[in-house]
S.K.: 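Okay, here's the structure, questions in a sec.
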Amino acid sequence: TIWQLCADFTAPGYHATVVFISNRQASVALFNQLAGSGPNAAVVWDYHVILCVWDESRWQVIDPDCRLGPALDAHAYIKASFNSAIAAGLQPEFRLLPAREYCETLRTDRRHMRDARGGWLSPPPSWPCIGEGSNLVEFVDFNRRERGELLDLAGFEARFGSGKSSP
């Protein structure tokens, strides 16, 4: 979904950053997700992807899976989605990529959505695969460093949630 939304923000004049949220254990907790049982219940994802867009005065987060709405002020999103008291193995890390780079380089044939026999683990999205083959692991494996910039929660909050930093 973010890949499709991202195309709207790659034109000159837009400042958009794709953010992969995961960690080295591929197990990260987010709150206020639609897949959760309520705002106080964490959803544990292997990875999650959001889009940060500068709107002339602040950063907005686009997350279609957020219980609080698909677009939210970055500071509000960070406060609602992450809890510093969560277990260390579930703390988020963030991989940042310019939206244009993400759109131009991501390829996924959805192999990560299949079991060992080739069956679907969950129903696949209705839109076509992105490119041929798959390089998704380069984006979601936080032990790898070849794509984007990596930040911890404090660094992510300083960059997008403080209300002070513009692109």
S.K.: When rounded to the nearest 0.5 angstrom, what is the spacing between CG in Asn23 and CG in Leu90?
M.R.: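 If I round to the nearest 0.5 Å, the distance is 7.0 Å.
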
S.K.: Compare all side-chain heavy atoms of Val140 with those of Ser22 and state whether any distance is below 4.5 angstrom.
M.R.: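 Sidechains of Ser22 and Val140: no contact.
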
S.K.: With a 4.5 Å heavy-atom cut-off, do Asn40 and Phe31 have their side chains touching?
M.R.: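 Not touching, per the 4.5 Å side-chain cut-off.
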
S.K.: Is the closest side-chain heavy-atom distance between Glu101 and Leu106 below 4.5 Å?
M.R.: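 No, side chains not in contact.
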
S.K.: Please report the C-alpha distance between Val28 and Tyr47 in whole Å, then the side-chain angles of each, then the deciding distance to 0.1 Å, and finally whether the side-chain contact (heavy atoms from CB on, under 4.5 Å) criterion is met.
M.R.: CA-CA 7 Å; Val28 63; Tyr47 73 93; 5.9 Å; no

S.K.: Closest heavy-atom contact between Val61 and Cys52?
M.R.: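 In terms of heavy atoms, the two residues are closest at CG2-SG, 4.0 Å.
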
S.K.: Going by the salt bridge (Lys or Arg N to Asp or Glu O under 4.0 Å) test, which pairs reach into residues 63-92, not counting sequence neighbours?
M.R.: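 Sorted result for residues 63-92: Arg58-Asp73, Lys79-Glu157.
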
S.K.: Report yes if the side chains of Val137 and Asn135 come closer than 4.5 Å at any heavy-atom pair, otherwise no.
M.R.: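 No; the side chains remain at least 4.5 Å from each other.
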
S.K.: Under 4.5 Å between any side-chain heavy atoms of Gln91 and Gln25, yes or no?
M.R.: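 They are not in side-chain contact.
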
S.K.: Check step by step if side-chain contact (heavy atoms from CB on, under 4.5 Å) holds for Trp54 and Thr17.
M.R.: CA-CA 9 Å; Trp54 180 255; Thr17 301; over 6 Å; no

S.K.: Step by step, work out the side-chain contact (heavy atoms from CB on, under 4.5 Å) result for Leu96 and Phe20.
M.R.: CA-CA 7 Å; Leu96 284 54; Phe20 282 82; over 6 Å; no

S.K.: Rounded at 0.5 Å granularity, tell me how far OH in Tyr102 sits from SG in Cys6.
M.R.: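 Tyr102 OH to Cys6 SG: 6.5 Å, rounded to 0.5 Å.
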
S.K.: Between Phe156 and Tyr77, does the ring centroid distance fall short of 6.0 Å?
M.R.: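 Distance test on ring centres: not under 6.0 Å, no.
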
S.K.: Could Arg95 and Glu138 be called an ion pair, given the rule that one side-chain N must be under 4.0 Å from one carboxylate O?
M.R.: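 A salt bridge is absent here (no side-chain N lies under 4.0 Å from a carboxylate O).
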
S.K.: Between Asp46 (side chain) and Ser27 (backbone), is there a donor-acceptor pair under 3.5 Å?
M.R.: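 Absent.
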
S.K.: So, for Asn83 and Ala85, which heavy atoms are closest and what is the spacing to 0.1 Å?
M.R.: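 Here Asn83 and Ala85 meet closest at OD1-N, 2.7 Å.
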
S.K.: Find the distance between CD (Gln33) and OG (Ser81) and round it off to the nearest 0.5 Å.
M.R.: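 Atom-to-atom, Gln33:CD and Ser81:OG are 6.0 Å apart.
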
S.K.: Using a cut-off of 6.0 Å, state whether more than 12 heavy atoms not belonging to Glu146 lie near its atom CD.
M.R.: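 Yes, because the 6.0 Å sphere around CD of Glu146 holds more than 12 heavy atoms from other groups.
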
S.K.: Yes or no on side-chain contact (heavy atoms from CB on, under 4.5 Å) for Val49 and Trp3, after CA distance, side-chain angles and deciding distance?
M.R.: CA-CA 9 Å; Val49 186; Trp3 191 85; over 6 Å; no

S.K.: Any idea which heavy atoms bring Ile2 and Pro64 closest together, and the distance?
M.R.: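 Result for this residue pair: CD1-CD, 3.9 Å.
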
S.K.: Would you name the heavy atoms of Val18 and Ala99 that are closest together and state the gap between them?
M.R.: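 Closest heavy-atom pair between Val18 and Ala99: CG2-CA, 4.0 Å.
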
S.K.: Shortest non-hydrogen contact from Pro92 to Ile21?
M.R.: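 Where Pro92 meets Ile21 most closely, the heavy atoms are CB-CG2, 3.9 Å.
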
S.K.: Does Leu68 offer a backbone N or O that forms a donor-acceptor pair with the side chain of Asn32 under 3.5 Å?
M.R.: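 Not a single qualifying donor-acceptor pair exists.
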
S.K.: Go through Phe142 and Phe94 one step at a time and tell me if the ring-ring contact (aromatic ring centres under 6.0 Å, His included) criterion holds.
M.R.: CA-CA 9 Å; Phe142 277 55; Phe94 304 86; 8.3 Å; no

S.K.: Same cluster for Val44 and Ile86 if Ile/Leu/Val/Met/Phe/Trp/Tyr side chains link at under 4.5 Å?
M.R.: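 Result: yes, single cluster for both.
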
S.K.: List the residues meeting side-chain contact (heavy atoms from CB on, under 4.5 Å) with Val53, not counting sequence neighbours, and say none if there are none.
M.R.: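 Applying side-chain contact (heavy atoms from CB on, under 4.5 Å) to Val53 gives Phe9, Ala16, Leu51, Ile62.
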
S.K.: Which pair of non-hydrogen atoms, one from Cys66 and one from Leu72, has the smallest distance, and what is that distance?
M.R.: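 Where Cys66 meets Leu72 most closely, the heavy atoms are SG-CD2, 4.5 Å.
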
